[in-house]
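Everything on this sheet refers to the single structure shown next.
We count ligands from 1, going down the list as the structure has it; atoms in each ligand are counted the same way. Quick note: numbers below take in every heavy atom, side chains included, and nothing from hydrogens, waters or symmetry partners. Bear in mind that the values here come from a model prediction, so they are computed numbers and not experimental data.
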Amino acid sequence: MLTSRPRGTNDIIPGEVEKWQYIEQIIRDVCCRYGYREIRTPIFEHTELFKRGVGETTDIVEKEMYTFTDRGERNITLRPEGTAAVVRAYLENKLYAGPQPVKLYYIGPMFRYDRPQAGRYRQFHQFGVEVLGAHSPGIDAEVMAMAMEVYTRLGLKGLELHINSLGCPECRPKLRESLQEFMGPKLQDYCPTCQDRFERNPLRILDCKNEKCSQLSAGAPTILDCLCDECAVFFHDVKTHLKELGIDYVVDETLVRGLDYYTHTAFEIMAEGIGAQSSVGGGGRYNGLVGQIGEKDIPGIGYALGLERILLTMEQQNVEFPPSWQPDIFIVTASPEAELTVLKLLAKLRGMGYKADKDYNGRSLKAQMKYAGKLNARYAAIIGENELENGTVMIKDMTTGEQKEVADNKVTEVLGGK
Ligand code: HAM
């Protein structure tokens with residue numbers, strides 16, 4: 001127990017963490033170029049925020065939230081997603097009072113009490129973006145273009161952008177009615193959760209993972225059949241923008257997404273790699289969410305991708321990562337008297353920007369060389385009695401095995417400029 005982590009969580013250890021840093025660096029670079037600024041919100045929020053924001057009839061709220069009462073009797077939930085929290089922060093910090101739209105991004109852990117399997121965890125990490133204060137097909141296309149650019153820059157192949165429109169409060173009653181008409185006669189054959197959602201939110205039934213329910217729902221009326229004129233035009237314009245940007249997409253009328261706040265554009269990105277878990281990210285427009293949380297009529301759109309799934313997919317597609325941390329130089333202490341000289345040289349090199357290290361465990365010369373090899377050091381610098389006397393350092397190129405003695409103030413010439 002003491003040495004095992006909770007189910008559905010992961011340690012990201014050295015060797016792995018460099019891959020995360022690489023992915024995050026690309027994400028931050030793309031965000032910067034598209035004008036998105038980082039936002040950091042708390043990892044826990046008032047439970048009510050997610051109930052209202054994500055929706056009472058969603059799997060997330062019904063089954064997956066980590067909710068607890070804190071010592072002050074407050075009802076708290078570890079964030080299962082970022083959108084509701086970002087909207088809360090946008091309202092609380094009055095970001096609506098500045099120039100609009102506000103383009104934000106976040107990277108951080110999310111928590112869902114899901115059944116753990118490859119690509120599905122209880123603590124996982126999302127990169128997400130939210131654009132608040134703009135309703136135009138251009139920004140929808142931009143958000144999707146940016147998502148696709150992140151994947152492409154990460155080297156992922158076999159990507160598919162699936163898009164749909166989920167309409168607006170105008171079109172929903174018509175859809176609701178058509179769905180109830182279609183599902184009503186066979187309602188008793190659906191799972192208990194779907195039966196429960198039939199009155200409250202029949203659209204959710206289309207997102208049920210139960211195979212029998214999916215079969216029963218095959219051929220159900222689609223949202224696209226029910227779109228009002230305004231939504232149909234908007235969806236058409238979003239597609240036109242995507243075409244103009246040269247972004248391929250598939251219209252997927254069955255795409256409803258697992259959160260209740262979506263209106264208009266909804267999308268998901270599929271990638272070859274982790275089979276059933278192949279959705280590597282998704283998002284959409286949520287024009288009613290700001291109103292639901294803060295009674296302001298402000299439109300929004302965003303998406304999020306799961307970093308674990310991205311990493312798994314990259315590994316399965318054999319994408320190459322930059323090498324993990326390796327010292328430019330490892331300084332070997334070949335006699336006890338050399339210790340202080342080694343420490344001073346180490347400090348000097350680090351101060352100049354070199355990645356440098358030494359042994360702290362009293363290893364023998366041979367063991368220190370072995371250790372330098374394990375760390376993948378480019379060079380080893382040996383300082384022993386002779387070198388101390390001569391004011392020199394013996395440098396070994398760890399790749400070629402070549403050795404040469406240089407004056408101790410000339411080490412950086414061998415290492416190359418910084
Ligand atoms: P979501 O589809 O629930 O959307 O999650 C986005 C991504 O997070 C998924 O596509 C998946 O890659 C990853 N993910 C979800 N659950 C897990 C899990 N248990 N383990 C590992 N990865 C997971 C949202 O969360 C919305 N907030 C996205 C959004 C932003 N929509 C508008 N703005």
Side-chain angles (χ1 to χ4, degrees), residues 7-10 12 23 27 36 39 41 45 49-50 53-55 58-61 63-66 78-90 101-132 134 139-140 143-144 146-147 150-151 154 156 159-164 166 204 207 209 255-271 273-274 276-290 299-314:
R7 197 162 128 77
T9 65
N10 289 301
I12 307 170
I23 294 174
I27 285 173
Y36 288 71
I39 183 163
T41 63
E45 296 273 356
L49 175 69
F50 299 116
V54 175
T58 57
D59 280 354
I60 295 180
V61 170
K63 311 177 195 167
E64 296 173 358
M65 293 207 301
Y66 276 91
L78 300 186
R79 62 181 187 193
E81 62 107 43
T83 312
V86 168
V87 168
R88 198 260 318 127
Y90 171 83
V102 175
K103 296 159 121 186
L104 302 165
Y105 82 93
Y106 48 91
I107 301 176
M110 307 288 161
F111 306 84
R112 294 185 193 175
Y113 193 80
D114 236 333
R115 194 143 51 89
Q117 50 187 287
R120 192 171 282 279
Y121 310 99
R122 290 183 176 166
Q123 175 174 335
F124 61 100
H125 297 77
Q126 275 188 355
F127 152 59
V129 310
E130 313 294 348
V131 182
L132 290 145
I139 194 78
D140 292 33
V143 166
M144 290 185 262
M146 182 189 178
V150 168
Y151 297 114
L154 289 171
L156 287 176
L159 297 166
E160 239 174 46
L161 172 64
H162 288 212
I163 64 168
N164 195 13
L166 296 182
R204 269 285 125 254
D207 196 37
K209 304 288 175 293
L255 184 98
V256 290
R257 307 272 302 131
L259 305 98
D260 275 351
Y261 46 62
Y262 292 112
T263 58
H264 304 85
T265 315
F267 63 97
E268 239 159 65
I269 295 110
M270 311 294 186
I274 31 179
Q277 298 302 333
S278 62
S279 164
V280 284
R285 181 160 278 289
Y286 45 84
N287 285 356
L289 183 59
V290 183
I301 177 166
Y303 80 94
L305 57 82
L307 292 178
E308 283 82 359
R309 284 198 200 167
I310 292 293
L311 192 59
L312 268 177
T313 314
M314 286 169 80

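Against a heavy-atom cut-off of under 4.0 Å, G281 is close to the following atoms of ligand 1: 10 (O). Which parts of ligand 1 touch E81 is read off a 4.0 Å heavy-atom cut-off, strictly below it: atoms 25 (O), 26 (C), 27 (N). Counting the atoms of ligand 1 from 1 in the order shown, those under 4.0 Å from a heavy atom of D114 are 19 (N). Of all the atoms in ligand 1, the ones that sit under 4.0 Å from a non-hydrogen atom of L259 are 3 (O), 4 (O), 24 (C). Against a heavy-atom cut-off of under 4.0 Å, V280 is close to the following atoms of ligand 1: 10 (O), 12 (O). Within ligand 1, counting atoms from 1 as listed, the ones closer than 4.0 Å to a heavy atom of G283 are 31 (N). Close approach to Y262 involves these atoms of ligand 1, each under 4.0 Å from a residue heavy atom: 26 (C), 28 (C), 29 (C), 31 (N), 32 (C).
Distances from ligand 1 to the non-hydrogen atoms of E130 include at least one value under 4.0 Å. Within the structure, ligand 1 lacks R122 among the residues with a heavy atom less than 4.0 angstrom away. Heavy atoms of S279 approach ligand 1 to within less than 4.0 angstrom. The closest approach between G258 and ligand 1 stays at or above 4.0 Å for every heavy atom of the residue.
Taking OH of Y113 as the start and CE of M65 as the end, the distance is 15.0 Å to the nearest 0.5 Å. R115 CZ to K63 NZ: the interatomic distance, rounded to the nearest 0.5 Å, is 10.5 Å. Note: L311 CG to I23 CD1 = 4.5 Å, rounded to the nearest 0.5 Å. Here I27 contributes atom CD1 and F127 contributes atom CZ; the two are 5.0 Å apart, rounded to the nearest 0.5 Å. Annotation: the span from H264 atom NE2 to D140 atom CG amounts to 9.0 Å, rounded to 0.5 Å.
When the heavy atoms of F111, F124, Y113 are ranked by distance to atom 14 (N) of ligand 1, first place goes to F124. Of the candidates F127, Y261, Y106, Y303, it is Y261 that places a heavy atom closest to atom 26 (C) of ligand 1. Distances from atom 16 (N) of ligand 1 to the heavy atoms of R112, R285, R120 show the closest one on R112.
Considering only non-hydrogen protein atoms, atom 11 (C) of ligand 1 sits nearest to R309 NH1, 3.5 Å. Here the protein heavy atom with the shortest distance to atom 12 (O) of ligand 1 is G306 N, 3.1 Å. Protein heavy atom at the shortest distance from atom 21 (C) of ligand 1 is G119 O, 3.2 Å. Of all protein heavy atoms, the one closest to atom 1 (P) of ligand 1 is R257 NH2, 3.6 Å. Annotation: atom 20 (N) of ligand 1 to nearest protein heavy atom, Y121 N, 2.9 Å. In terms of protein heavy-atom proximity, atom 7 (C) of ligand 1 is nearest to A304 O, 3.7 Å.
Side-chain contact between M270 and S279: present, with at least one pair of heavy atoms (C-beta onward) separated by less than 4.5 Å. Annotation: side chain of L255 is not in contact with side chain of I163 (no heavy-atom distance under 4.5 Å). Considering only heavy atoms from C-beta on, T83 comes within 4.5 Å of Y106 through its side chain.
Taking the six-membered ring where the residue is Trp, F267 and Y303 present tilted rings, their angle falling between 30° and 60°.
Listed by chain and residue number, Y286 satisfy the ring-ring contact (aromatic ring centres under 6.0 Å, His included) test with Y261 (two or more places apart in sequence, or in another chain).
For ligand 1, none of its N or O atoms has an N or O atom of L305 under 3.5 Å away.
For the pair E81 and F50, the tightest heavy-atom approach, listed with the atom from each and the gap, is O-CE2, 3.8 Å.
The pair D260-R204 counts as a salt bridge, with a side-chain nitrogen and a carboxylate oxygen less than 4.0 angstrom apart.
Using modelled atom types, one side-chain atom of R309 and one backbone atom of G119 make a donor-acceptor pair closer than 3.5 Å.
Contacts with ligand 1 closer than 4.0 Å are made by side-chain heavy atoms of Q126 only, the backbone lying farther away.
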